[in-house]
Amino acid sequence: MALDNQFNPQKDEKEIYQKWLELGVFSASVDSPKKPYTIVLPPPNVTGVLHMGHALTGTLEDILIRRKRMQGFNALWLPGTDHAGIATQMVVERQLQKEQQINRHALGREKFLEKVWEWKDKSQGTIISQLKTLGCSLDWDRLAFTLDEKVSVAVRECFVRLYQEGLVFRDEAIIQWCPRCRTALSDLEVKFKEIKGRFWHLKYYLEGSTEEFLTVATTRPETLLGDVAIAVHPDDKRYQRLIGKKVVLPLMNRSIPIIGDSYVDPAFGTGVLKITPGHDVNDYVVGKRHQLSVITIFDDEARVNDQGGQYRGLSREKARDQIVEDLKNSGLWIKEEEHVHNVGHCDRCATAVEPKVSAQWFVKAEVLAQDAIEAVKTKKIRILPEEWENVYFDWMNNIRPWCVSRQLWWGHRIPVWYCVDCTEVTVAVKTPEVCSSCQSKRIRQEEDVLDTWFSSGLWPFSTLGWPEDTPDLRKFYPNDVLETGFDILFFWVARMIMLGIKMTGKIPFHTVYLHPMVRDEHGQKMSKTKGNVVDPLEIIDRMGADSLRFFLAWNAFHGRDLRVSDEGVEGCRNFVTKLWNVTKFVLLHFSSVTSSKRDENSLINQWIFTRLNATKKKVGECLDHYRFFEAAQAVYHFVWNDYCDWFVEFIKSKDELEKRKNAKDSTAVDVLEEVLRLLHPMMPFVTEKLWHELPFRSSQARSISLASFPEWLKEHEYPEAERQLQRVIELVEKVRTLRGTHQIPGSKEIPITIWAQPRVIGELKIHEEKLGRLTRASKVTFVDQRMTQAEVIELVLKDCSIFVEKEYLGDLTQEIEKRKKELIDKRSALERAESKLQNEKFMSGAPEAVKAGVRKQADDLRAEVLAIERYLKEIGS
RNA sequence: GGGUGCUUAGCUCAGUUGGUUAGAGCGCUGCCUUCACACGGCAGAGGUCAUAGGUUCGAGUCCUAUAGCACCCACCA
């Protein structure tokens, strides 16, 4: 059956994926005696669509999993989706606002959650089908969701255990608050942005004086409503004498103390700092130190509350304008300056956060961090690329309590019940009926839900049935590799390590591989507002999943950026086409060869198997070390250069093809078949398609993904064949270069003469036909005497020379120039080599292999230099 | 303010413990529509490895300093 002109991904990919599903290729089994190998997919947002980052994750993990599966492992790649608390809730809130112009509070918790579930049910299929489009071999029967009952039980169990050990606690503290989301945030969820603001200088008069005042410089004049003191440095000569006195708070006419605290930097601003413990994290700390009270002046949406007197009800921004105006009017304003400073913003909605004192639940991360640090220090967990280990240690060593409560509705409700009748707090996995202390039925559950990352942190085992001791858990936990982007090292990876060790007593995985960030072709972060988002599905639609996957693997350097460009993917698409075309060639000539049988004495066969063997070794090593780019390059190079450019060209003559067909030599098919298996993890679709077209294959399996992965074979090493064919290749290249330099068209055949030692001539004569054909020679003559330089020019190789008669070359000026340049290069290389050999310290210090190499190099160079010198002399230049 | 990484061909990047004449893809130039492939073939040009010192028989690779870039953490009002 003849193949189409090129692979048609739109037509074939869906069908192929369907077949994999039918064959159950992706299913891992708890009963299998095979060694398990487990990866959990970083769960994408349930309402999301596939972006390039997902495509990268999907590709790299699929490569790892498919290879292990082919190697005979019981490979489990566990899919799942994340409820993504704030993100999802925000999407639904926006939709609600747009459609009904109401917020969630107008709808009520229960009704609102119904809406979110509706949205989730509607959109959850999207990302799943998109992962399938990419070819991901996920075990769909185990599809999990972070709000599944199974996972929720694990979340509650974890919370209860931490509570019982005192590792989760409730406390009143200053936290980061998003007034738009109306929830507390963890430190990680606050992103600081440079904002061009103003620096207002204000007068705070000393109590009882209309003359003497202190100048306070602030970026947030509106917070003066909550000032409880002003602070100066205790050693500051300017203000020292005023410590302990009082000032009158502008506009509010409250009297507040002047305190001395070394936190104040005398050199910054005026050296006088207003203290607002209710709305500034540092002020809160200073306030605590001086037992100052806390005044909260904003409500949950950052509008001025009852504490703000006449400003009550104003937004932060309006209050600021009004207060500045009032200060100006009452003569308390001195000046204002431009001031650039960093302001924290909500990671999700980009609203400026408002520090706020409130009761929240915290995890004692600093305790959990100890074992997590140890696990990486002792290399029980490796983080790759290794430079991330330091980043990990740095963060872990400075970790602070993790605020896990969120005033959201979409998420795991915290399993805590407060008794109305006594002060008891009941914390339980199963919803209690009564207070655990006074047995009162009047208990109410904590309103807050948990940070999304709390449930994600349990993902490697909650998906396998923990805390039950399930067969899945026993088989597939710990996982093997955790592959994800470095941007969620703290958010997710660190928490999995902490919670994994704490809950199960085992490390959750032995390797963390952090892939680069996907960027556009100019290295810019992709964003909707910039309009530079490259849609993986659109690329797949145009060029096929294999092209995109191969491109991503090829570009998964150990660096920090991965730039996606159309041209790059096109290059990979071209490679898919090349593979397709060479398969067409093989089918055209070798369809009648239906079993593996080959001439073991053929040097070409030996040579291509040796090359293939080197490639298999390289690919295997690279994949073992997550060097996807090198693996992709190695196989690309083998297919395109070794197999297509040389092997196929070597055997392309009528005679050679006939000979091989008659002998039923299967080398061409065998090598291609192995290449397809080697490539399958990276390009699953086209390799599956082509594999079935071959006249025979190594395995009876109904899918290439069930066949074995090619491994290096000792018996396929033929160094002698490699050496000989390497010489043939160099010889052909020399002549071709000469033809190129002299612009001899391919249609013009010219005779060549080859001189060498008899032994070498013997080796070359075997390849006479190939030499002639590939150099487009009219005749190949072998001689054991050098030719006279006056009539010919000599192309020098290490152990042979090629002579071409001048009459075929026309003007030699260019050629001579080239030789002169070559001579300079070779001479200097020779000098370097010789001086090394004369250097005693080199001869005593360098390893034997290096010395031998240099010696051989010097010999070769010397011969070449002499030959070129002789050539130039004889030609009269 | 603290930290990490980067600087190699026109562009994007490899280069594993120092060791033989520094590589790839794309782009560029010339030739070729030869019966797998123009999404192709053949050939070619192009690099004082950011700069200055140092260690070494030997440095793109190790050390120091400088310059520039990127990112992370902190968040001085």
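First the proteins, then the strands, lettered A, B, ... as listed; each starts at 1.
- For B/rG41, one of the phosphate oxygens OP1 or OP2 lies less than 4.0 angstrom from a side-chain nitrogen or oxygen of A/Lys578.
- Using P as the reference atom, B/rU16 and B/rG5 are 16 Å apart when rounded to the nearest Å.
- A/Gln6 comes within contact range of at least one nucleobase, with a heavy-atom separation under 4.0 Å.
- OP1 or OP2 of B/rA77 has not a single side-chain nitrogen or oxygen of A/Trp200 nearer than 4.0 Å.
- Taking atom P in both B/rA36 and B/rG30, the straight-line distance is 28 Å, to the nearest Å.
- In terms of phosphate contacts, A/Arg855 brings no side-chain nitrogen or oxygen within less than 4.0 Å of OP1 or OP2 of B/rG19.
- Note on A/Gln857: a side-chain N or O is less than 4.0 Å away from OP1 or OP2 of B/rU21.
- Put simply, the side chain of A/Lys836 and the base of B/rC57 share no donor and acceptor less than 3.5 Å apart.
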Inset, instruction - Give the C-alpha distance, both sets of side-chain angles, the deciding distance and a yes or no for side-chain contact (heavy atoms from CB on, under 4.5 Å) between A/Val232 and A/Arg238. - result: CA-CA 9 Å; A/Val232 298; A/Arg238 292 172 293 179; over 6 Å; no

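- The base-pairing partner of B/rG40, taking Watson-Crick or G-U wobble contacts with both distances under 3.5 Å, is B/rC32.
- Of the candidates B/rC57, B/rU4, B/rA77, B/rA77 carries the atom nearest the A/His341 side chain, counting heavy atoms from C-beta on.
- Checked by distance alone, A/Arg573 brings a side-chain donor or acceptor within 3.5 Å of a matching partner on the base of B/rC39.
- Computed from coordinates, the A/Trp580 CH2 to B/rA36 P distance equals 17 Å when rounded to whole Å.
- Atom C1' of nucleotide B/rG40 and atom CD of A/Glu649 are separated by 11 Å, given to the nearest angstrom.
- Across all strands shown, the partner of B/rU7 is B/rA67, judged by Watson-Crick or G-U wobble contacts whose two distances both fall under 3.5 Å.
- Interatomic distance, CG of A/Leu731 versus CG of A/Leu797, reported as 5.0 Å (0.5 Å rounding).
- Looking at A/Glu840, its side chain has no donor and acceptor atom pair within 3.5 Å of the base of B/rC57.
- Residue A/Thr577 places its side chain closer to B/rC39 than to any other of B/rC39, B/rC13, B/rA77.
- For the P atom pair drawn from B/rG54 and B/rU12, the interatomic distance equals 32 Å after rounding to whole Å.
- Distances from the side chain of A/Phe629 to the nucleotides B/rA14, B/rG41, B/rG5 place B/rA14 closest.
- Set against B/rG44, B/rG41, B/rC37, the side chain of A/Thr737 has B/rG44 as its closest nucleotide.
- Between the side chain of A/Lys734 and the base of B/rA43, no donor-acceptor pair of N or O atoms lies under 3.5 Å.
- B/rC26 and B/rC71 are spaced 26 Å apart, taking the C1' atom of each and rounding to whole Å.
- The environment of A/Lys191 atom NZ is dense: over 12 non-hydrogen atoms of other residues, nucleotides or ligands sit within 6.0 angstrom.
- With a cut-off of 3.5 Å on both pairing distances, the Watson-Crick or G-U wobble partner of B/rC62 is B/rG54.
- Across all strands shown, B/rA45 has no partner, as no Watson-Crick or G-U wobble contact with both distances under 3.5 Å is found.
- The side chain of A/Asn574 sits closest to B/rG40 out of B/rG19, B/rG40, B/rG30.
- Among the nucleotides B/rG46, B/rC42, B/rC26, the one closest to the side chain of A/Tyr636 is B/rC26.
- Spacing between B/rA52 and B/rA67 at atom C1', rounded to whole Å, works out to 11 Å.
- A donor-acceptor contact under 3.5 Å links the side chain of A/Asn342 to the base of B/rC75.
- Relative to the side chain of A/Phe842, the nucleotides B/rA77, B/rG19, B/rC26 differ in distance, and B/rG19 lies closest.
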Inset, instruction - Could you walk me through whether A/Arg400 and A/Glu366 pass the salt bridge (Lys or Arg N to Asp or Glu O under 4.0 Å) test, one step at a time? - result: CA-CA 6 Å; A/Arg400 289 183 297 180; A/Glu366 66 278 18; over 6 Å; no

Legend entry - Check against side-chain hydrogen bond (donor to acceptor under 3.5 Å, both in side chains), A/Glu189 and A/Ser186: CA-CA 5 Å; A/Glu189 287 163 301; A/Ser186 70; 3.0 Å; yes

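- Closest of all the heavy-atom pairs between A/Leu327 and A/Pro250 is CD2-CB, 3.7 Å.
- To the nearest angstrom, C1' of B/rG5 lies 16 Å from CD1 of A/Ile383.
- With B/rU4, B/rC75, B/rA43 as the candidates, the nucleotide lying closest to the side chain of A/Arg400 is B/rC75.
- The nearest whole Å value for the distance from the CD1 atom in A/Ile744 to the P atom in B/rG41 is 22 Å.
- The distance from atom CG of A/Leu579 to atom P of B/rC37 is 15 Å, rounded to the nearest whole Å.
- Ring-plane geometry between A/Trp580 and A/Phe7 is classed as tilted, the angle between the planes lying from 30 to 60 degrees on a 0 to 90 degree scale.
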Inset, instruction - Report the C-alpha distance between A/Arg862 and A/Asp859 in whole Å, list the side-chain angles of each, state the deciding distance to 0.1 Å, and finish with yes or no for side-chain contact (heavy atoms from CB on, under 4.5 Å). - result: CA-CA 5 Å; A/Arg862 207 170 291 122; A/Asp859 291 344; 3.1 Å; yes

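- Between A/Tyr263 atom OH and B/rA74 atom C1' there is a gap of 12 Å when expressed in whole angstrom units.
- Rounded to whole Å, the P atom of B/rG41 lies 23 Å from the corresponding atom of B/rG46.
- A centroid separation of less than 6.0 Å is found between the aromatic rings of A/His201 and A/Phe199.
- Within the 4.0 Å cut-off from OP1 or OP2 of B/rG41, not a single side-chain nitrogen or oxygen of A/Arg776 is found.
- The side chain of A/Val648 approaches B/rA36 more closely than any other nucleotide in the set B/rA77, B/rG46, B/rA36.
- The NZ atom of A/Lys851 sits 17 Å away from the C1' atom of B/rG18 (whole-angstrom rounding).
- Spacing of C1' atoms, B/rU56 relative to B/rG19, comes out at 12 Å, to the nearest Å.
- If you look at A/Tyr636 and A/Trp640, their ring centroids are closer than 6.0 Å.
- Remark: A/Asn390 is not in phosphate contact with B/rG3, judged by side-chain N or O atoms under 4.0 Å from OP1 or OP2.
- Distance from the side chain of A/Lys841 is smallest to B/rC57 among B/rA77, B/rC57, B/rA36.
- Of the residues near RNA chain B, A/Val586 and A/Ala267, the one whose nearest nucleotide (by heavy atom distance) lies more toward the 5' end is A/Val586.
- B/rU61 and B/rC28 have their C1' atoms separated by 30 Å, with the value rounded to a whole Å.
- Between A/Ser747 and the phosphate of B/rU34, there is no side-chain N or O to OP1/OP2 separation shorter than 4.0 Å.
- Between A/Arg563 and the phosphate of B/rC13, there is a side-chain N or O to OP1/OP2 separation shorter than 4.0 Å.
- The residue among A/Asp645 and A/Val854 whose nearest nucleotide of RNA chain B is located toward the 5' end is A/Val854.
- If you measure from atom CG of A/Asp394 to atom C1' of B/rC73, you get 7 Å, rounded to the nearest angstrom.
- Among the heavy atoms of the strands lying under 4.0 Å from A/Lys652 is at least one base atom, whether or not backbone atoms are also near.
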